Amino acid sequence: MPRRWLALLVMTLAAAVPAIAMDWPQFLGPDRNGTYTGSPLLETWGPSGPKVVWRKQVGQAFAGPAVVQNRVLLFHRVGNEEVLESLDAKTGASIWRYAYPTNYRDDFGFDEGPRAVPVVADGIVYTFGAQGQLHAVDLAKGTRVWSEDTMKRFNVPKAYFGAGGSPLVEGGRVIANIGGDKAGVVAFDAKTGKVVWAATDDDASYSSGMAATIAGRRSAIFLTRDNLIGLDPATGAIQFQRRWRARIAASVNAATPLVVGDSIFVSAQYGPGAGVLRVNGSTLTDVWTSDEALSNHYATSVYYDGYLYGYHGRQEFGPSLRAVEFKTGAVKWSQDQFRAGSITLAGDKLLVMREGGEMILAPASPQAFKPLARAQVLPGVVRPLPALADGFVYVRNENTLVCLDLRR
C-alpha cells in the first residue's frame, strides 16, 4: 500500500473513533464508577497548587459539570431560571445558553439550584431539574429536542431536597428514578421523550442509576429510596431486588451502586449500611453487610484492585475516609474526622475533593493514606462532584467554576 494511502487510512480511522475515554459525559464519568482513564496526572503541584486555566462566576447548583467534545456542560440556576450552558472547555467562554423558568424553594434553606449532573449521549444533553423537569437539548445547537414535567405527569410529591438523581441513558432510553405512583423508575425514548415503560412504586432517592452486564445480562441498577433493584433496560422487568431503606422516615439514599464482576457494592447512611451482594439470576446473596465498614452518605466510593475507597459516616458529623477490602468488608485504614467530600480514581491514584475546597492526590493503596500533593483550590463549600477530562479538572463551589490543569 502506498505510504500516502496508509497515512490517509490512519487519519480516517482516528477521526472515526470518539475520544470517549478523555470525556466526562455524565455523573461519575464514562462508566458511572468515578474512574478516569485518560492521560496520567501530575503528582506534584508546587506551593501554589495546580495551574488555574480559567474561572467563572456561576449560579446555584449541587450539580457538577459534564465535559464532552471540548465543551463543559454547566447546569445551574440563575435568578428564576434553570440554565444549561455550553462552555468552551479551554476558555470558559459561553457557546450557547438554554433556560426555562423554575420556582423551586428548598425547605431547609440549602442551595435552590439543580442537583443532577447533565448526561450527554448521541449528540443530546439530558438534564433533570430540582422540580423534576426532564429536558433533552441538542448538544451542537443548544435547542430543545423534547421535555417532560415528570412531577406533574406522574404525580410526584416534593421530596426533601427536590429531584436529584441523574438519569441513565441506556439502549436508546433515558431511564430516571422519578418516584411516581406506579412510576418509580421510568424509561423515555431518548429521541422523542415518549414513555417506553414504567416500573415499581418506589419513592425516588438521590442516587443515580448505572448500567452493567452481569453474567451476560444487561441491567439498569438503581438504589431507590426503598430498594436496590435491577431492571431490564428494554422492558422494565424486575431482574432482582433487595430492600435497602432506613427504618426512619427522615432519610435518603444517595450513593450510586458499584458493580465489580458479578457483585454489587451498595451503601447508605441512616441504618441500611453497606454490603457486597453477589448476583445469581434473580437472587442477591450476601458476601458481607455492615454498618461499620463504609456507609456512604452522599459521595459514591471507588474501586481499585480489590479495595474500596470512600467516606464512612454522615456528612454533618465529620465522616472518615477509608480503604475497605471488597471481598470481606475489612477496614484497612481510616482517616477519622476527615470531613466530607468526593473521591475520583485516576489510574492508580485517588483525587479527593474536600468540601472545604482542598484537593488531594494520593496513591490508591490499602496500606496507608499518604498524600502526594494537596492544595486549596476553592473556598468552601464544595459539594458538586468535579469532572476530570483530558487531564483537566472542572470543579465548582457555591458561586465559582474553576478549570485546573493537572496534566503531567
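These numbers come from a predicted model, not from an experiment.
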Within the structure provided, determine whether R408 and E43 are in side-chain contact (heavy-atom separation under 4.5 Å).
yes
CG of D122 to OH of Y126, rounded to nearest 0.5 Å, is 7.0 Å
When rounded to the nearest 0.5 Å, the distance separating CG of L321 from OH of Y311 is 5.5 Å
Can a donor-acceptor pair be found, under 3.5 Å and without considering hydrogens, that links the side chain of Q376 to the backbone of L378?
yes
Side chains of P101 and N80, heavy atoms from C-beta outward: is any pair under 4.5 Å?
no
Is there a donor in the side chain of S147 and an acceptor in the side chain of R144, or the other way round, less than 3.5 Å apart?
yes
Side-chain H-bond candidate by donor/acceptor type, H76 with E82, under 3.5 Å
no
Is the count of non-hydrogen atoms from other residues, nucleotides or ligands lying under 6.0 Å from N155 atom CG greater than 12?
no
To the nearest 0.5 Å, what is the distance between OG (S39) and CZ (R407)?
9.0 Å
Mind checking whether F338 and F369 have parallel, tilted or perpendicular rings, split at 30° and 60°?
perpendicular
More than 12 heavy atoms of other residues, nucleotides or ligands under 6.0 Å from NZ of K158: yes or no?
yes
The test is side-chain hydrogen bond (donor to acceptor under 3.5 Å, both in side chains); show your working for S320 and D336 and say whether it passes.
CA-CA 4 Å; S320 305; D336 296 337; 3.1 Å; yes
Under 3.5 Å side-chain donor-acceptor pair for T400 and Q57:
yes
Please determine whether the number of non-hydrogen atoms from other residues, nucleotides or ligands lying under 6.0 Å from atom NZ of K90 exceeds 12.
yes
Just by distance, do the side chain of W197 and the backbone of V185 share a donor-acceptor pair under 3.5 Å?
no
Ionic contact status for D232 with R218, cut-off 4.0 Å:
no
For H297 and G313, indicate whether the former's side chain and the latter's backbone hold a donor-acceptor pair under 3.5 Å.
no
Look at the side chain of T300 and the backbone N and O of T256, then say whether any donor-acceptor pair between them is shorter than 3.5 Å.
yes
More than 12 heavy atoms of other groups within 6.0 Å of E325 CD:
yes
How about F128 and H135: are their ring centres within less than 6.0 Å of each other?
no
If I take atom CD1 from residue I178 and atom CG from residue L134, how far apart are they, to the nearest 0.5 angstrom?
6.5 Å
Sub-3.5 Å donor-acceptor pair from the side chain of S267 to the main-chain atoms of N296, do we have one?
yes
Side chain proximity check, P50 to V377, heavy atoms < 4.5 angstrom
yes
I need the single residue from V352, L372, I343 that forms a side-chain contact (heavy atoms from CB on, under 4.5 Å) with I360. Which is it?
V352
What pairs of residues pass the side chain to side chain donor-acceptor pair (under 3.5 Å) test when at least one of them lies in residues 172-193, not counting sequence neighbours?
N177-S205, D189-T192
Would S94 and E85 count as a side-chain hydrogen bond (donor to acceptor under 3.5 Å, both in side chains) here? Give the steps.
CA-CA 7 Å; S94 183; E85 282 191 80; 3.2 Å; yes
Taking the side chain as C-beta and beyond, is there a heavy-atom pair between F75 and V58 under 4.5 Å?
no
Output yes when E398 and R383 qualify as a salt bridge under the 4.0 Å nitrogen-oxygen rule, no when they do not.
no
Give a yes or no answer on whether the side chain of R217 reaches the backbone of G281 with a donor-acceptor pair at less than 3.5 Å.
yes
Donor-acceptor pair, side chain of Q26 and main chain of P30, under 3.5 angstrom
yes
T285 and R278 side chains, donor-acceptor separation under 3.5 Å:
no
Between R322 and Q335, is there a side-chain donor-acceptor contact under 3.5 Å, judged purely by atom types and distance?
no
Looking only at atom types and distance, does a side-chain atom of T224 sit under 3.5 Å from a main-chain N or O of N227, one as donor and one as acceptor?
yes
Could you walk me through whether E148 and Q133 pass side-chain hydrogen bond (donor to acceptor under 3.5 Å, both in side chains), step by step?
CA-CA 6 Å; E148 182 68 72; Q133 293 279 351; over 6 Å; no
Are K327 and V276 close enough that some pair of their side-chain heavy atoms sits under 4.5 Å apart?
no
Atom CD in Q239, atom CD1 in I221: separation rounded to 0.5 Å?
8.0 Å
Regarding Q269 and D291, do their side chains bring together a donor and an acceptor under 3.5 Å, going by distance alone?
no
Donor-acceptor pair, side chain of R339 and main chain of Q337, under 3.5 angstrom
no
Is there side-chain contact between V195 and F154, with at least one heavy-atom pair below 4.5 Å?
yes
Qualifying residue, where the test is ring pair (Phe, Tyr, Trp, His ring centres under 6.0 Å) with F326 and the options are Y307, Y304, Y303, Y309
Y303
So for atom CG, which belongs to D286, do other residues, nucleotides or ligands contribute more than 12 heavy atoms lying within a distance under 6.0 Å?
yes
Under the salt bridge (Lys or Arg N to Asp or Glu O under 4.0 Å) rule, what do R77 and D111 come out as? Steps first, then yes or no, please.
CA-CA 9 Å; R77 178 171 176 166; D111 190 293; over 6 Å; no
To the nearest 0.5 Å, tell me how far I229 CD1 sits from L223 CG.
10.5 Å
Given side-chain contact (heavy atoms from CB on, under 4.5 Å), test Y36 with D390 step by step and report yes or no.
CA-CA 9 Å; Y36 166 77; D390 198 20; 5.5 Å; no
With heavy-atom distances below 4.5 Å as the criterion, would you say the side chains of V302 and N33 are in contact?
no
Side chains of L228 and F222: does their closest heavy-atom pair fall under 4.5 Å?
no
If only atom types and distance count, is the side chain of W96 paired as donor or acceptor with the main-chain N or O of L139 below 3.5 Å?
yes
